[in-house]
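One structure below.
Quick caveat: nothing in here was measured; it's all calculated off a predicted structure.
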Amino acid sequence: MSSPNIPLTEGICERLNASDKEDEELWNTTPTVQFLSIKKVASSGASGAPAERHRIIMSDGVHFVQAMLATQLNYMVEENLIGKNTIAIIERMTGNMIQEKRLVVILGLKVLQREAAKIGSPAPLNSPPGQAQQQVEVTTPASTSSVPARAPAVGQQQRAAGGRGPSVFPIEALSPYQNNWRIKARVIQKSDIKTYANQRGDGKLFSVTLMDDTGEIKATAFNAVVDDFYDKLQEDKVYFVSKARVNLAKKKFSTVSNEYELSLDRNTEIEECHETTNLPVIRYNFVKLSGLEELQKDAICDVIAVVKEVGEVSTITMKSNNKPLEKRELTLVDETGFSVKLTLWGKQAIQFNATDQPIIAFKGVKVGDFGGRSLGALSSSSMSINPDTPDAHALKGWFIDAGAKTSFQAHTKAGTGAGGGIRRDEMRTISDVKDAQLGMSDKTDWFSTRATIMHIKADNILYPACPSESCNKKVVSVSEGWRCEKCDMVYPHPQYRYMVSMAVADYTGQAWFSGFNDVGDLIFGMSGSELQELRERDESKATEVVTNAQCHTYNFSCKASQDSWNDQTRVRYGIHKIQPLDYAVEARAYVDLLHSAWAQ
DNA sequence: CCCCCCCC
């Protein structure tokens, strides 16, 4: 039992309980607390997919209060990074008054201890005496400081509706069941005006992404409303927005993380916010350039990097409609030593004019796989040049000190090169590989598959190879030792290397794969020379090693190519890379699949 | 009410 010596922040629950929205000093503290429970909260009966929210009871060892986890931290619950009795520093939080109740939202946290013993006997605040001890595990009673995730009470008058009162509504709490709200949000992205023509008629539209400290939401205006608001709404400015319709978002078409989106109509009121404090700041969740290979193709991510090179604008012809489209490629680098190309399209390409290697932060760019890994801006991506943030200054410092002189590594092609993972998006079943006739054309096809080794051809898995660096040619036994034709040398001993032929199967079929030395090293757990030595010393032990390598499942990256032998043409599947399964990664991939647009 | 995000 690890009894923690981490002190919780004394009195923080009492302070939160008594706080008001304007208590900036309080909202800027970073208290250490213990989570007594984390509970999933269903949204209030929406007809569509409910927003998943988590309510956390947090304790300072004496009292507890209730808080909501901002949805961008949901992954911490999903990946089990936090749970009951976790001790954490709340790095960022905010409080809002909704319907006269206080809503504490946790925006950022750092885990100090995932599992700890419960500290003290925390009691609720303002609750009838005598109940304190039992209530820790259950939903906090209504008499405490908190409110449900989605404040209900349609028809109940909202104080915020009129003047510039303290009660600005958090974006996270918007729902169709809410009227009389008013948000204070920054426009982090504004689209061009788009015109369309379809069976339902024609029209025009534009959209913005609005953001506050609790979340983001997309807002769209159509037709006449475009004229009302297109010029008024400007990127990076902050506005009060009210009286827009809240609709269920069509998640398939949106990268904005919200269950809902706004439709701006003729009744919508938008007023620029001229306040100078307490303004929402754009939030990023940066991925290092080295980390891009961990992401799937088509994933949306945020990056911060140095613009090493700016390409010229060029024009491509779209395949779909033969129309021309401008593009510009930026070469981004960061302190991980990786570089990646990012493509801007259309107006974004033409208007880009930053020179002299600025720092650039992108929110919501799409991961591609051209040349290993690439990035593409979407119309919904936002970009900030030389942002005044610690991240940006650190990166600038690094670039001036060392980065400018560094040579950078590009992401190499799928599955190739050092550290390259096996790409999930190209995973195929064995019957699919055969049905698609991979390798049956003149070119080489690449694929990845997850399969189990059913059988290994035990004969000829080893050959005596030239021991000189990266020669690997077969050597022949001569009277003085082992002769390599290529190197024209005779060596006292060969280095034994693997050449393995194996039958693999998945739930759809089976195939023969062949692999070289690195494959043998991995599946047998010893080098070729070690296995050869074992074979000479104890033949049955060596056989056992081979037998034990069977019935294990791996992720394979393979090349399928044609091979002619004895006048017969057949397809050979060469193992390019083999990886033991990481069950956490596999499980997460399935979770992602379930959450993907494909599964909805 | 759009829903494309493109090319090598």
Letter by letter from the 5' end, nucleotides 1-6 of chain B scores (B base, S sugar-phosphate only, - none; protein heavy atoms under 4.0 Å) BBBBBB
Residue pairs, two or more places apart or on separate chains, that pass salt bridge (Lys or Arg N to Asp or Glu O under 4.0 Å) and touch residues 218-231 of chain A: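 Salt bridge (Lys or Arg N to Asp or Glu O under 4.0 Å) check on residues 218-231 of chain A returns A:Lys204-A:Asp227, A:Asp228-A:Arg266.
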Which pairs count as salt bridge (Lys or Arg N to Asp or Glu O under 4.0 Å) when at least one residue sits in residues 324-334 of chain A, sequence neighbours excluded?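 Listed once each, the pairs are A:Lys327-A:Glu329.
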Test ring pair (Phe, Tyr, Trp, His ring centres under 6.0 Å) applied to [X] - qualifying residues, sequence neighbours left out:
X: A:Phe206; value: A:Tyr230
X: A:Phe338; value: A:His411
X: A:Tyr573; value: A:Phe447, A:Phe513

